[in-house]
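Below is one structure, written out as structure tokens; comments come after it.
Computed from a predicted model, the values in this text were never measured in an experiment. The first residue in the sequence is number 1, and the count goes up from there.
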Amino acid sequence: MMMTTDMINWSEEKVQKLMGHYKEILSLLGEDPEREGLLKTPERVAKAMLTLTRGYDMDPKAVLNAAKFQEEYSQMVIVKDIDFFSLCEHHMLPFYGKAHVAYIPNGYITGLSKIARVVDIFSHRLQVQERMTLQIKECIQETLNPLGVMVVVEAKHMCMQMRGVEKQNSITTTSDFTGAFNQAKTREEFMNLIRNNR
């Protein structure tokens, strides 16, 4: 189940501290934080940032272990087109896209929704796409000890669209893999399967 903002228990102390900082930022930008339209903005932004970075308070390995089952299945398991949103740690602007994850079980499987939850947890931290790809792969490899894991992430970066080079249609693709996916034939099979039905 995805977490909604109504389900998040924010620390009131954190909210208050962040509100103070955002009120100061508004002033530094030349705005009047006391005008009607901005009165609640520091609180809204504080709660938004705590939501967008909630992954720091979650343990992705515990999520996988909560639905880890012994199963003698040794073919590729793929969860593709997992939507995600994250914040680039360089400019704190969003990057968003889809993650595709495959693993080949080695005696244990996990609930399919748990793979999506792992993506969700790592994406809800300040990130770079390359590290997020690596973290998802390592988490699944270390927790399930499968015969191999492969992760492909495709994303658009607002830091490229809104500032800097201002390129609107570029997509960044990253991948990482272990074990059986070191074989080109296995990687190719995965890539062909995630391209199907597009």
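- Residues T172 and F95 have side chains not in contact (no heavy-atom distance under 4.5 Å, counting atoms from C-beta outward).
- Residues M92 and L126 meet the side-chain proximity criterion, which asks for heavy atoms closer than 4.5 Å.
- T53 places none of its side-chain heavy atoms less than 4.5 Å from the side chain of R125.
- For E13, the side chain to side chain donor-acceptor pair (under 3.5 Å) partners at least two apart in sequence or on another chain are K17.
- Between atom CD of residue E189 and atom CD1 of residue I194 there is a gap of 12.0 Å, rounded to the nearest 0.5 Å.
- With rounding to the nearest 0.5 angstrom, the CD atom of Q129 is 12.0 Å from the OH atom of Y96.
- In this view, K68 and N65, Y108, L144 satisfy the side chain to side chain contact (heavy atoms under 4.5 Å, CB included) rule, not counting sequence neighbours.
- Within a 6.0 Å sphere centred on CE of M191, heavy atoms belonging to other residues, nucleotides or ligands number more than 12.
- M150 and I82 are assigned to two separate hydrophobic clusters, defined by single-linkage of ILVMFWY side chains at heavy-atom distances under 4.5 Å.
- With sequence neighbours left out, the side chain to side chain donor-acceptor pair (under 3.5 Å) criterion links Q183 to no other residue.
- The hydrophobic cluster around L134 extends to none of the other residues, as no ILVMFWY side-chain heavy atom falls under 4.5 Å of it.
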Donor-acceptor pairs under 3.5 Å, side chain of residues 39-48 to any protein atom, not counting sequence neighbours: which ones?
| residue | atom | partner | partner atom | Å |
| --- | --- | --- | --- | --- |
| E43 | OE2 | K47 | NZ | 3.1 |

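- Around atom CD1 of I25, more than 12 heavy atoms belonging to other residues, nucleotides or ligands sit under 6.0 Å away.
- Contact annotation: the side chain of D120 approaches that of R54 to within less than 4.5 Å [non-hydrogen atoms, C-beta and beyond].
- Annotation for K23: atom NZ does not count as buried by contact number, only 12 or fewer foreign heavy atoms lying within 6.0 Å.
- M132 is not listed as a side-chain neighbour of V151, based on a closest heavy-atom distance of 4.5 Å or more.
- Proximity of L87 to M49: side-chain heavy atoms (C-beta onward) are separated by under 4.5 Å at one or more points.
- Annotation: the span from I104 atom CD1 to Y73 atom OH amounts to 9.5 Å, rounded to 0.5 Å.
- Partners of H21 by side chain to side chain contact (heavy atoms under 4.5 Å, CB included), not counting sequence neighbours: none found.
- Note: F181 and F190 have perpendicular aromatic rings, judged against thresholds of 30 and 60 degrees for the angle between ring planes.
- The OG1 atom of T143 sits 11.5 Å away from atom OH of Y103, with the distance rounded to the nearest 0.5 Å.
- A side-chain donor from one of T178 and Q141 sits under 3.5 Å from a side-chain acceptor of the other.
- Here CD of Q127 is found 10.5 Å from NE2 of H90. Values are rounded to the nearest 0.5 Å.
- The closest side-chain heavy-atom distance from D81 to H100 is below 4.5 Å.
- Under the 4.5 Å side-chain criterion, counting only non-hydrogen atoms from C-beta, S170 is in contact with M160.
- A distance of 8.5 Å separates CG in N106 from CD in E72, rounded to the nearest 0.5 Å.
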